[in-house]
Visitor: 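The structure under discussion is supplied below as structure tokens; questions concerning it will follow.
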Amino acid sequence: MELAAKYNAAEVEDKWYAYWLEHKFFHSEPNEKEPYTIVIPPPNVTGILHMGHVLNNTLNDVLIRNARMHGKNACWVPGTDHASIATESKVVAKLKAQGISKDDLTREEFLKHAWEWKEEHGGIILNQLRKLGASCDWDRTRFTMEPALSEAVINTFVYFYKKGWIYKGVRMVNWDPEALTAVSDDEVIHKDTKSHFYHLRYYISDGQGNPTDKYLVIATTRPETIMADAAICVNPNDERHHWLRGKKVLIPLINREIPVIEDDYVEMDFGTGCLKVTPAHDVHDYEIGLRHNLEVLDIIDEHGKLNEKARILVGEDRFVARKKIVKMLEEAGNLEKVEEYTSPVGYSERTNAVIEPRLSAQWFLKMDTLAKMALDTVESGRTKFIPEKYVNTYRHWMENARDWCISRQLWWGQRIPAYYLPDGRYVVEASAEAALEAAKAICPDIKMEDLHQDEDVLDTWFSSWLWPISVFDPEMPGHPDHQPNKDLAYYYPTSDLVTGPDIIFFWVARMIMAGEEFMGREPFSNVYFTGIVRDKIGRKMSKTLGNSPDPLDLIKTYGADAVRIGMLLCSSAGNDIFYDEAQIKQGAAFCNKIWNSYRLVKGFSVDENAKQPAVAAEAVKWFDAKLSDTVAQVEDHYRKFRISDALMAIYKLFWDDYCAWYLEAIKPAFVDGKPGSVDPVTYKATLDYFEALLKLIHPVMPFITEELWQNMEERKDGETIMYAAAPVARPFDPDTLVHFELAQEAVNGVRGIRNQKNIAPKETLELKMKEGFPAEVVPVIEKMGNVTVDSAHEFGDMQGVGFMVRTYEMFVALNGLVNVEEEIAKLEKDLAYQQKFLAGVRAKLANERFTAHAPAAVIENERKKEADSLSKIESLESQLKALKNS
RNA sequence: GGAAGAUUAGCUCAGCUGGUUUAGAGCACCUGCCUUACAAGCAGGGGGUCGACGGUUCGAAUCCGCCAUCUUCCACCA
């Protein structure tokens, strides 16, 4: 096959991905090998691939492919998340665009639309992952709302309910009075908003419900809620208000009597130090109310209007009521003053309506035991976090975990399996039939049509926390007596999880809880937290900013391998990623480099009778060691999840060591204007190394490596680099590397002189070196530096330029090209530097406290520095002397 | 306001238990090369008082304190 001069990714990628799929290379079944398992962080089912997904899934794929090549039975389970809030709001928006309001639809009609939407968009993101090269076991693709997984969620709910850990409670939700729905905290936008601070007089009651002439002053931004006040609260340490202890005050206008209570929550130096407590209409007040057993009086209805409990201004909108009540308070003499005030106010992301904190009945899951278990999992190290700093964050949250509100006022999701009897009592069962049976125990005559299932669905995380279990065996969660099926027994616990730190609590912590509860052990051994992908100037990638490129466009332009490299080059664990297209270009350049190195190797002609030249033998020996050395480093980097370091090590091995040094060293010289031949020993080594390099980089660049690996020799159908064994580090003599490095430095010295003196690389120079230099690498210097090497005792008065390779003196003979003054100036500069350096080292050695305290090895090293420096100075001085005499 | 983390070359980052670091890498930059694998290339080069100030130590980018700036998470203050 002819190879084009440039690598064409587009042609290659689809071909090999189809080949991999055709042979089911990504598919895993339990076997006798060690499993390596990753479950994908399931993207939203209607989502579109963005740069965050690219980063995350590239990392996942690198880990999976690396494990596969290390002989593990690698299984990467893909799937999607039903994402109730995001998906439902997309469906609502789509219906709205068609002129359909969700309110006009029944639950069944709406869900029909939602499923249609899911069928239409559900596969997109998984197909996009294929373009990236993701080696997911597609036969195992799961969806969090598919029947089996939904059943698992329902069973889990019933399980916890019967265990007594799920209860119905009241919670303050963010109510959107326009959309008539609760919205999540994420959907509330806090904006500083100008308003007023109303200072109101509350008169002290005489005990009979009549005002005295004494009063206290509270400051509020919401005077329309005073009718719902349950108490006035002051700080117990606030001496100004001690006279109020045990007193009761009267709510203005309606003269309802409320107590004065004390609580640390109140800031003494904010407002007047007196807080009106309105449990029904403020989150904090609600909590104070709980502590002090205060009455909860809800005076605002779902539309944001005052209801009859308010007694006055009934039916008025909350903002109209505010204006009116201010006037009424003023007329009644209760308004002391009004201040301008700016405070953060929550607005609904969807309707821009001001959010009304509203109490509502919600379902909760107790967190105390689960959180304790999950904290232990991480603190004991059974699950490791990378980077470790997230353990702190995790601990803080787990120690302060509040009960988990698991109900959502939506339709898209698993419907809560609570069935209400007409009298308001309820039963919790996995099916309507079971619920009817249970209901009959309470009320023998009850019929199915009398039962009404809870309208709410469960939080999406209440399904995704089962993911590492339910993708293998959906029967398991909620059935403690169930024996794990073959898959679950084999694949669980999974190995690594790659995800963003933003969902450490929402998802990671809860998966650990579910894992401990249902499996009795951690769901994964390591959690690798990626950073957030930002643009060059540090802004989050977002649709509204338009600063997020379409990954598919990038793949089309540069190739998937280049995109993968580009993302990994700038990703150290836990740090945000500053995305820059230049890095993808770098990846594309690397692809091209690999491609062309193969063109060179493939173009070699082999002379079966040729003997291996000394320089080639040396290069082979060196690269062998270098390869082992790098493989060991790469293994270490992978172990520590330093993926970008692993990549950089391979990158340099391929580009600098293999292409720039090894190939140049073994490249046959020209014979009669044509490239000469390579001997068979060197040729075989060269191909072996090339293959080793392909294997090393394959996890990161799956496509180009498969293409070239397949091209290297005739492969059978069904063979793939994916399952080739990863290169293994072998022991080597460290001197091999050290000596070759000396040769490289000598060559660099010669090249530097060429550059300086403008001498063409083609012109062969004469290099003199003093004896003692490792002889075996001299042929390398001769070839790579295009020099002939002579050893000499003295350089005498030769014309030329000297330089040092560590402690070895070198000298390039040049005739008529030396500017003596320039050389002298340069040498003197070097000499001055060395003398200063020597003085520093000697000062250190002369310091008794240093020699007394420092370890022997450190002192020894300083002595060596001293000796090296001395010999350099000696050499520089003799060169100077020679130059000055010439 | 609370918590965690960061600050090293123009950019992105390594630098693990203080001493083989006389602070490194990749990219970018500058100079010279179309040398028959690759100009998406080759060869060479410049560039940092390790955020500021104190402290511990024979010795600090590394440990401690304080300040500044930034990021994230939590709470968003009647």
Side-chain angles (χ1 to χ4, degrees), chain A residues 3 5-7 190 197 218-222 233 265-267 270-278 282-285 341 343-344 346 387 389-393 395-397 400 501-502 504-505 531-532 534 536 538 558 562 569-572 574-580 582-583 585-604 640 642 644-645 647-649 651-652 659-660 663-664 667 670 673-675 748 751-756 758 760-762 833-834 836-837 840-841 844 847-855 857-862 864-865 869:
Chain A
L3 289 174
K6 285 188 180 180
Y7 171 58
H190 291 274
F197 223 5
I218 60 101
T220 180
T221 53
R222 298 202 64 189
C233 191
Y265 170 76
V266 180
E267 298 283 340
F270 190 84
T272 62
C274 295
L275 169 71
K276 77 187 213 34
V277 184
T278 319
D282 182 277
V283 184
H284 299 287
D285 290 11
Y341 185 63
S343 64
K389 65 177 177 183
Y390 288 112
V391 175
N392 289 334
T393 323
R395 183 184 306 113
H396 186 255
W397 193 75
N400 298 288
D502 47 334
I504 185 166
F505 309 128
I532 298 163
R534 297 173 178 279
K536 253 197 280 194
Y558 300 105
L569 276 173
C570 56
S571 69
S572 53
N575 285 344
D576 284 356
I577 311 304
F578 290 87
Y579 167 77
D580 185 348
Q583 277 146 342
K585 287 185 179 154
Q586 192 184 343
F590 187 41
C591 288
N592 195 49
K593 186 70 187 176
I594 293 173
W595 185 260
N596 277 292
S597 62
Y598 180 66
R599 284 178 67 215
L600 173 68
V601 172
K602 209 196 169 210
F604 284 154
K640 293 172 181 159
R642 297 161 166 245
S644 59
D645 288 347
L647 168 60
M648 190 44 67
Y651 179 91
K652 286 196 273 192
C659 294
L663 288 180
E664 292 300 332
K667 211 174 183 177
F670 273 65
K674 284 186 289 185
N748 288 342
R751 285 173 175 172
I753 291 164
R754 278 184 196 280
N755 244 285
Q756 236 172 54
N758 232 333
K762 275 182 177 170
Y833 177 86
Q834 280 301 330
K836 204 178 139 200
F837 177 70
V841 173
K844 211 170 186 182
N847 184 341
E848 270 173 41
R849 290 205 282 184
F850 169 70
T851 47
H853 288 91
V858 173
I859 298 172
E860 187 48 41
N861 187 49
E862 290 302 314
K864 189 171 175 296
K865 282 189 197 169
S869 181

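A note on names: the letters A, B, ... follow the listed sequences, proteins ahead of strands, and every chain is numbered from 1.
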Visitor: Over how many whole Å does the gap from Tyr7(A) atom OH to rG41(B) atom P extend?
Guide: 16 Å
Visitor: Taking donor-acceptor contacts at under 3.5 Å, does the side chain of Glu664(A) reach the base of rA37(B)?
Guide: yes
Visitor: What is the distance, rounded to the nearest whole Å, between atom CD of Gln583(A) and atom P of rU12(B)?
Guide: 10 Å
Visitor: Measure from the side chain of Arg751(A), starting at C-beta and using heavy atoms only, and say which of rA25(B), rA43(B), rC38(B) lies closest.
Guide: rA43(B)
Visitor: May I have the distance from Ile504(A) (atom CD1) to rA4(B) (atom P), rounded to whole angstrom?
Guide: 15 Å
Visitor: What does the list of N/O pairs under 3.5 Å between the protein and nucleotides 69-75 of chain B look like, with a distance for each?
Guide:
from    : atom 1 : to        : atom 2 : distance (Å)
rU71(B) : O3'    : Arg534(A) : NH2    : 3.4
rU72(B) : OP1    : Arg534(A) : NH2    : 3.4

Visitor: Any idea which of rG5(B), rU20(B), rA37(B) is nearest the Asn861(A) side chain?
Guide: rU20(B)
Visitor: Report the nucleotide, chosen from rA37(B), rU22(B), rG19(B), that has the shortest atom-to-atom distance to any side-chain atom of Phe850(A).
Guide: rG19(B)
Visitor: Arg642(A) has a side chain; which of rC38(B), rA25(B), rA14(B) sits nearest to it?
Guide: rA14(B)
Visitor: Please tell me which of the listed nucleotides, rA37(B), rU22(B), rA40(B), lies nearest to the side chain of Lys865(A)?
Guide: rU22(B)
Visitor: Toss me the dot-bracket line for RNA chain B: Watson-Crick and G-U wobble, both under 3.5 Å, 5' to 3', using | for pairs to another strand and [ ] for crossers.
Guide: (((((((..((((.....[....)))).(((((.......))))).....(.(((..]....))).))))))))....
Visitor: The side chain of Asp645(A) lies closest to which of these nucleotides: rA4(B), rA14(B), rC38(B)?
Guide: rA14(B)
Visitor: Take atom CG of Asn755(A) and atom C1' of rG44(B), then tell me their distance rounded to the nearest Å.
Guide: 4 Å
Visitor: Given rA37(B), rA78(B), rG26(B), which nucleotide is nearest the side-chain atoms of Lys667(A)?
Guide: rA37(B)
Visitor: Starting the side chain at C-beta, find the nucleotide from rC58(B), rG5(B), rA78(B) nearest to Thr220(A).
Guide: rA78(B)
